[in-house]
Each structure stands twice: as C-alpha cells, then as structure tokens.
Engineer: 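For reference, the structure I am asking about is given below.
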Amino acid sequence: MPSIPGRPGDRSPLLRAGESYLGLLEALNGCDEIDTVVCRHESGAGFMALADARMTGRPGVACVSRGPGACNAAIAVHTAQQDGVPFILFVGQVAKDDVRRDSFQEIDYGQMFGRIAKWTAEVTDPNRMAETLLRAFQVATTGLPGPVVIAVPEDVLTAQVEAATVQPQARVRGAPDPAALEQLRGWLAEAERPLLLAGSGLENEAGRTALKDMAEAWNLPVLVSFRRQDLFDNAHPLYAGDMGLSNPASQLELLRSSDLLVTLGARLSDITSQGYSFPKMVRPEMRLAHVHADPDVLGIHFAADLALASDPVACARALGQPQAALPDRRDWLSALAAERAKIRAVTDKEQPDGVPFARVVEKVGANLTEDAIVTVDAGSFGAPIYRAIPFRPPQRLLAPISGAMGFGVPAAVAAGLRTPERPVICFVGDGGLLMTGSELAVALERELPLKVIVSENNVYGSILLHQERDYPGHWTGTTFTNPDLETLGKAYGCAVTRLETLADLDRLPELIARPGPQFIVVTSSVQALLAPVRPAAKHEG
C-alpha cells in the first residue's frame, strides 16, 4: 500500500483500532514518517482524527476493523460530514473473494456510508490503490471538506505493487469574479448596518488574518457561525457574537435590521441560521452575499443576491481597502456590542446542589494562556463556554458542530499529540466522559499534560433540559449513577482535585497552570442548568 506522507519533519498520526489490516500494520513497523496511535475505541480514533484535521487542515486518518469496527466509527463519519472536516476512514475488509458473500463481519460500505460520506471506495485491484488514495485526499479536501471511506480487503493489503508515494495535490481554489467583487465593494461601501458572518472556510491562520483585515478595513461587525468562536478575537470592538443554540430574541431582532449580510466561508445551516429563521427564508429581509468554496452550499435554503463559489480567503483579500469614507456605523456597532455584553454576562449564583458550571467556565476563560487549546464535549454543561470565554487567535476551540457526545476527550488527546508544547484544556460532562474517557489511556501512554475539567451532575443535561420544559418533573431516562470519578482520574495517571463550592473555584488558575495531567471534578448544579425552564428546579432523580 502506498504511504501517506506528512510535511517534512512532521509525523502524521494514523489512529487505529482493529485487527483486519495486519498487512498495513506490518508496513508501518519501523516507519518514522507516520505515528501509529493505538486508540481504545473506534469512535475515539475517529474523533481524534477529526480534531487533528481541524488543527492541521489536512485529512485526519483512522483505520478500523470491518463490521463492528466500522459501525463504531460511523459517528466520526457523520460528525465529519456535519462539521465539514476532511477525514479518511480505512476499513479492513474481508478477503476479496469473499466480498458480497455475507461473510463474517462483512458490510457493503457503499450502502452503509453512501449518504454520509462524500465518497466511498472498495479496492479490489491492488494496482488501483495509489489512484484511490489520490482521489480520496482530493475529494476530502475539495469544496466543502468531508469524510471519505475506503474499504481494503485483507489480501489486497498484502499484495505487492509497483507504486510511487502519493504526494499531496494542489488544492482546488476558485478565484472570485472581478465583477462580483466590484458589486460587493459597492454594497459594503453604502451599507449602514452590515454584518459579516464568518465560518469554517476561514479556519486556518491565513483565514483568520484575512477575516480580521477585511473587518477592520471595511468596519464590519463580525458574527461567527456555530461553535467557531476562535475565528475572531472575541474582545475586538467589531466582534458581534456567535450564531448558537439559544440566541436571545432581542439580539435576533437587532440582527434582522441589518441591511447587508455577507456570509463568508460559512454554511447557512440549521443552527447557524437559527432553525432556518435568520435570515428569512427564502428571500432574506436584507441583501445577502454568500461566499463559499463549494457551489453546492450556495442558494439551497436562502436566495442570495450575490453568490460567489470562491475561496473565501482569496475573496476577503481581493476586496482590498475602501476607496471612500464609509457610513457612520457607531450606533449600529454600539447596539450590537450591548447585546453581546448581555449575553456574555455570567450572573449564576451558588446553588444548594452544586456549582453553576458557568462560573467554572468564567474562571478558566479569564486565565487562559494566549496559545491555549480548548476542547469541549457536547452537552448543555458546555453552553457557557461559547458565550463567556473571550477566545482570541491563536487560541483554538475544538467542539463538535454535530453535537456528538464523546468528542471532548479524544479531541484533547489529539491536540496534545499534535502540539505538545501548547496547553490543552478539556471540558467534558460526566456523560461524555464515560463514553470515550478511556482514550485518556493514550494520554497516559504518551505523557500528555492534559487539563480535564469534568462537570459531574449525574444527568444527561441537554436531554433533561428539554424534558423538564415539555414534561415538568418527569425525569425518566435522563439520570444515572457514576463510578468514583476521582479514582478514575487517578487510574489514568492524573493529579485529581474536586471542586464543590464557589470558593473552591479560586484554585482553578493554579490547577490549570500546574505541570502534568490534571483531572478536575466539579460537583455541578442541576438547578443552575434548568434555570431557563424552571428557575426553582430541584433534583428529583
């Protein structure tokens, strides 16, 4: 099988869990270019690969066994598709003569992943392996990035072929149309209440720089799409907030008064568009200019007045500087800033059943180093992270856009492997921890000094929040019993601390600054979690 090289001097991790590709493992024996990371579960391997792809911009690669292994990894394929992350999943398949015979653990992966993956392939001719790899990497990274699944029969993996190493190919990039750019410049120059909505197409150093330069040149307030807070300095006067799960009505009313919405590198998908309500479907109430590298993203829910299938970074750069004075937007910017300040404010008071997790987030956010990486699992416990932590590049936020539980710990491990010199802080609920927390064994093996902050409240918070709203007091299927999490943290080689009161939070800055792995368990409040739907909620589990 042809090798998959990384950049010079950079070992590319290949994350694996399974045994139906022993030929590949033999080829990796003694290979210095590829770091084989032995994960504990296929979902953890997939999530690690996605986080690595977010860090590098290159496809994350995971190998899993056929049948059960591929099923366990399906969550990562779905997450890659929803999140727009380049991901290649290799599946060890049954021998080629046994394909489609309903063999032991056999699955037709084209059928299984056909509506989730951007492309699926099954290599039965060893001489087509190089061609398949070339196409896989190109498909995974072109347009809207996403997952590719390649099934390789075990006897194909051990076949000898004459094939050169598959070198990385040039990215497909669309140049912005000059006439369209001129039209957009005119709109930007005359708009009194413009908005710039930035998304994943800017998720690299060049993209963040281009976004900042464009916003400052044209005096544009910046919104970021769902869970992309690390694209733009949250303390910048032009930062207007994010399009998240619970934007207040007052903010949305203000945003709807905009006269120009420039969507740059973002999809107007469910959460970012507030359930397809902002802007108005199908003809927005304001001018809409939509710029995205993938033409299939444009015009599928909202009719754009200007639709550019272009590299968003190239478009931002090409806009250049305004040629005349811009309208006075001080009142507009002040109104947006006032809404942002209300959203960011943390006012949660201590509750009898534990610490409001928003106060934990506030304390950590105020003490992040300038190069910190924050990973977050899915769940309502994490909601304050997106509004209260003032992210500022080069700080990074790695969170699942798809809302997949179990992402947080594997993402932290991947970030620690990729950038061991940077501090990594993982926020995870007790539910997500018990799904993929076993990947802390990789951190133990590699001596990664992760800081893991666990919200322990013995409930599936997001589900309970909706349950309490729709069926007050009926807590069925949303509560659970934990093992001793402090003992668990010690088993993974971490120094363990429990925080139970607001006064205990004063220890957080020192804990996250300590050398070595830290496992911090917070007895977090369910009452504070349920406050939006039941201010005086009591734990009835």
Engineer: Taking only residues two or more places apart in sequence, or in another chain, which ones meet E456 in a salt bridge (charged side-chain N to carboxylate O under 4.0 Å, His left out)?
Structural biologist: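 R498.
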
Engineer: Return yes if some donor-acceptor pair links the side-chain N/O of R193 with the main-chain N/O of S257 below 3.5 Å, else return no.
Structural biologist: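 Yes; judged by distance alone, with no hydrogens or angles, the pair exists.
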
Engineer: I need the L231 CG to L202 CG distance, nearest 0.5 Å.
Structural biologist: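 Between atom CG of L231 and atom CG of L202 there are 6.0 Å.
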
Engineer: Any heavy-atom pair between the side chains of I425 and V364 that's under 4.5 Å?
Structural biologist: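 Yes. Closest side-chain heavy atoms under 4.5 Å.
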
Engineer: Taking side chain as C-beta onward, heavy atoms only, is L288 less than 4.5 Å from L268?
Structural biologist: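 Sidechains of L268 and L288: in contact.
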
Engineer: I271 vs L245, test: side-chain contact (heavy atoms from CB on, under 4.5 Å). Steps then yes/no.
Structural biologist: CA-CA 6 Å; I271 307 301; L245 286 168; 3.5 Å; yes

Engineer: Say whether, by atom type as modelled, one donor and one acceptor occur between the side chain of E468 and the main chain of G473 under 3.5 angstrom.
Structural biologist: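 Checked: pair present.
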
Engineer: Give the minimum heavy-atom separation between R40 and S438, together with the two atoms involved.
Structural biologist: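 The pair with the smallest heavy-atom distance is CG-O, 3.5 Å.
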
Engineer: Calculate, to the nearest 0.5 Å, the distance between atoms CD1 and NE2 belonging to I75 and H41 respectively.
Structural biologist: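 If we round to the nearest 0.5 Å, I75:CD1 and H41:NE2 are 9.5 Å apart.
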
Engineer: Could you pull out the closest heavy-atom pair between W475 and T479, with the gap in Å?
Structural biologist: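 Shortest heavy-atom contact: CE3-CG2, 3.9 Å.
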
Engineer: Do F90 and V149 come close enough that some side-chain heavy atom pair is under 4.5 Å?
Structural biologist: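 Sidechains of V149 and F90: no contact.
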
Engineer: Can you name the residues that form a salt bridge (charged side-chain N to carboxylate O under 4.0 Å, His left out) with K118, not counting sequence neighbours?
Structural biologist: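 K118 satisfies salt bridge (charged side-chain N to carboxylate O under 4.0 Å, His left out) with no other residue.
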
Engineer: Can you check whether L195 reaches W332 side chain to side chain, under 4.5 Å on heavy atoms?
Structural biologist: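 Answer yes - side chains close enough.
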
Engineer: Using side-chain heavy atoms (C-beta onward) and a distance below 4.5 Å, is V428 in contact with V452?
Structural biologist: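 With C-beta onward as the side chain, the pair touches.
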
Engineer: My understanding is that only residues two or more places apart in sequence, or in another chain, count here; which of them pass side chain to side chain contact (heavy atoms under 4.5 Å, CB included) with A335?
Structural biologist: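 Counting only residues at least two positions away or on another chain, A335 forms a side chain to side chain contact (heavy atoms under 4.5 Å, CB included) with L254.
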
Engineer: Identify the two heavy atoms, one from L450 and one from G416, that lie closest to each other, and give their separation to 0.1 Å.
Structural biologist: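 Where L450 meets G416 most closely, the heavy atoms are CD2-CA, 4.4 Å.
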
Engineer: Sequence neighbours excluded, which residues qualify as ring-ring contact (aromatic ring centres under 6.0 Å, His included) partners of F278?
Structural biologist: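 Residues passing ring-ring contact (aromatic ring centres under 6.0 Å, His included) with F278: none at all.
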
Engineer: So does E205 have more than 12 non-hydrogen atoms from other groups sitting under 6.0 Å from CD?
Structural biologist: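 Atom CD in E205 is not packed in, count stays at 12 or less.
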
Engineer: Check the surroundings of atom CG in D331: do more than 12 heavy atoms from other residues, nucleotides or ligands lie under 6.0 Å from it?
Structural biologist: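 Atom CG in D331 is not crowded, with 12 or fewer foreign heavy atoms closer than 6.0 Å.
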
Engineer: If only atom types and distance count, is the side chain of T209 paired as donor or acceptor with the main-chain N or O of A206 below 3.5 Å?
Structural biologist: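 Looks like no, no N/O pair under 3.5 Å.
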
Engineer: So how far is it from S402 OG to R227 CZ, rounded to the nearest 0.5 Å?
Structural biologist: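 Here the rounded value is 8.5 Å.
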
Engineer: Between D430 and N458, is there a donor-acceptor pair closer than 3.5 Å when you use the side chain of the first and the backbone of the second?
Structural biologist: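 Yes; judged by distance alone, with no hydrogens or angles, the pair exists.
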
Engineer: Go through the side-chain N and O atoms of N72 and S43 and say whether any donor and acceptor fall under 3.5 Å apart.
Structural biologist: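 No - no donor-acceptor pair under 3.5 Å links their side chains.
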
Engineer: Report the C-alpha separation of V454 and I520 in whole Å, then their side-chain angles, then the decisive distance to 0.1 Å, and conclude whether the side-chain contact (heavy atoms from CB on, under 4.5 Å) test is met.
Structural biologist: CA-CA 6 Å; V454 184; I520 303 164; over 6 Å; no

Engineer: Taking the side chain from E285 and the backbone from K280, do they hold a donor-acceptor pair closer than 3.5 Å?
Structural biologist: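 Pair found, side chain donor or acceptor close to backbone of K280.
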
Engineer: Check whether E447 reaches the backbone of L444 with its side chain - one donor and one acceptor, N or O, closer than 3.5 Å.
Structural biologist: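 No, E447 side chain to L444 backbone: no donor-acceptor pair under 3.5 Å.
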
Engineer: Side chain to side chain contact (heavy atoms under 4.5 Å, CB included) with R392: which residues, sequence neighbours excluded?
Structural biologist: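 Residues passing side chain to side chain contact (heavy atoms under 4.5 Å, CB included) with R392: D233, Q395.
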
Engineer: With sequence neighbours excluded, tell me which residues meet ring-ring contact (aromatic ring centres under 6.0 Å, His included) with F232.
Structural biologist: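 Counting only residues at least two positions away or on another chain, F232 forms a ring-ring contact (aromatic ring centres under 6.0 Å, His included) with H236.
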
Engineer: So, for N247 and G244, which heavy atoms are closest and what is the spacing to 0.1 Å?
Structural biologist: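 That closest heavy-atom pairing would be OD1-N, 2.8 Å.
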
Engineer: Measure the shortest side-chain to side-chain distance between L499 and L505 over non-hydrogen atoms and say whether it is less than 4.5 angstrom.
Structural biologist: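 Sidechains of L505 and L499: in contact.
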
Engineer: Partners of I343 by side chain to side chain contact (heavy atoms under 4.5 Å, CB included), sequence neighbours excluded?
Structural biologist: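 Partners of I343 under the side chain to side chain contact (heavy atoms under 4.5 Å, CB included) test: P248, Q251, R340, R387.
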
Engineer: Would you say the side-chain atoms of S525 pair up with the backbone N or O of A528, donor to acceptor, closer than 3.5 Å?
Structural biologist: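 A pair under 3.5 Å: yes.
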
Engineer: Take V224 and L197 through the test side-chain contact (heavy atoms from CB on, under 4.5 Å) and record every step on the way to the result.
Structural biologist: CA-CA 5 Å; V224 294; L197 174 59; 5.9 Å; no

Engineer: Listed by chain and number, what are the side chain to side chain donor-acceptor pair (under 3.5 Å) partners of N219, not counting sequence neighbours?
Structural biologist: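 Expected list: none.
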
Engineer: Does G44 offer a backbone N or O that forms a donor-acceptor pair with the side chain of T436 under 3.5 Å?
Structural biologist: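 Between the backbone of G44 and the side chain of T436 there is no qualifying donor-acceptor contact (under 3.5 Å).
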
Engineer: In plain terms, say whether E339 and K342 are close enough for a salt bridge, that is, a side-chain N and a carboxylate O under 4.0 Å apart.
Structural biologist: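 Yes, this pair counts.
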
Engineer: Rounded to the nearest 0.5 Å, what separates atom CD in Q82 from atom CD1 in I401?
Structural biologist: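 These two atoms lie 10.0 Å from each other.
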
Engineer: What residues, two or more places apart in sequence or in another chain, satisfy salt bridge (charged side-chain N to carboxylate O under 4.0 Å, His left out) together with R54?
Structural biologist: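 E203.
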
Engineer: Within the distance-only criterion (no hydrogens, no angle test), does the side chain of D377 pair as donor or acceptor with the backbone N or O of G406 below 3.5 angstrom?
Structural biologist: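 Indeed, once roles are kept as given, a pair shorter than 3.5 Å links the two residues.
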
Engineer: If a pair satisfies salt bridge (charged side-chain N to carboxylate O under 4.0 Å, His left out) and one of its residues is in residues 508-528, list it, with sequence neighbours excluded.
Structural biologist: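 Residue pairs passing salt bridge (charged side-chain N to carboxylate O under 4.0 Å, His left out), neighbours aside: E510-R514.
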
Engineer: Kindly indicate, with the supporting measurements, whether the criterion side-chain contact (heavy atoms from CB on, under 4.5 Å) is fulfilled by H301 and S273.
Structural biologist: CA-CA 10 Å; H301 302 300; S273 69; over 6 Å; no

Engineer: To the closest 0.5 Å, what do you measure between CG (D504) and CZ (R359)?
Structural biologist: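 Those atoms lie 12.5 Å apart.
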
Engineer: Between T419 and A415 (side chain of the first, backbone of the second, donor and acceptor by atom type, cut-off under 3.5 Å), is there such a pair?
Structural biologist: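 A pair under 3.5 Å: yes.
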
Engineer: Between M214 and L264, is any pair of side-chain heavy atoms under 4.5 Å apart?
Structural biologist: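 Answer yes - side chains close enough.
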
Engineer: Could you pull out the closest heavy-atom pair between A198 and A266, with the gap in Å?
Structural biologist: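 Closest heavy-atom pair between A198 and A266: C-CB, 4.0 Å.
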
Engineer: Give, for atom CG of D230 and atom CG of L398, the distance between the pair rounded to the nearest 0.5 Å.
Structural biologist: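 Output value for this atom pair is 7.0 Å.
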
Engineer: Heavy-atom distance under 4.5 Å between the side chains of V374 and F427, does that happen here?
Structural biologist: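 Yes, their side chains come closer than 4.5 Å.
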
Engineer: Among all residues two or more places apart in sequence or in another chain, which pass the side chain to side chain contact (heavy atoms under 4.5 Å, CB included) test with R469?
Structural biologist: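 Counting only residues at least two positions away or on another chain, R469 forms a side chain to side chain contact (heavy atoms under 4.5 Å, CB included) with H466, V533.
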
Engineer: Which atom names give the shortest non-hydrogen contact between H78 and I116, and what distance separates them?
Structural biologist: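 Answer, listing the atom of H78 first, then I116: CA-CG2, 3.6 Å.
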
Engineer: Quick one, K212 with E216, criterion salt bridge (charged side-chain N to carboxylate O under 4.0 Å, His left out). Give me CA distance, side-chain angles, the key distance, then yes/no.
Structural biologist: CA-CA 6 Å; K212 180 175 183 291; E216 291 180 343; 3.1 Å; yes

Engineer: Taking only residues two or more places apart in sequence or in another chain, which ones pass salt bridge (charged side-chain N to carboxylate O under 4.0 Å, His left out) with D348?
Structural biologist: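 So D348 forms no salt bridge (charged side-chain N to carboxylate O under 4.0 Å, His left out) with any residue.
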
Engineer: Let me see the working for F480 and Y460 under ring pair (Phe, Tyr, Trp, His ring centres under 6.0 Å), right down to the final yes or no.
Structural biologist: CA-CA 8 Å; F480 51 81; Y460 289 119; 4.7 Å; yes

Engineer: Between the side chains of Q527 and D353, is a donor N or O closer than 3.5 angstrom to an acceptor N or O?
Structural biologist: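 The answer is no; no qualifying pair exists.
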
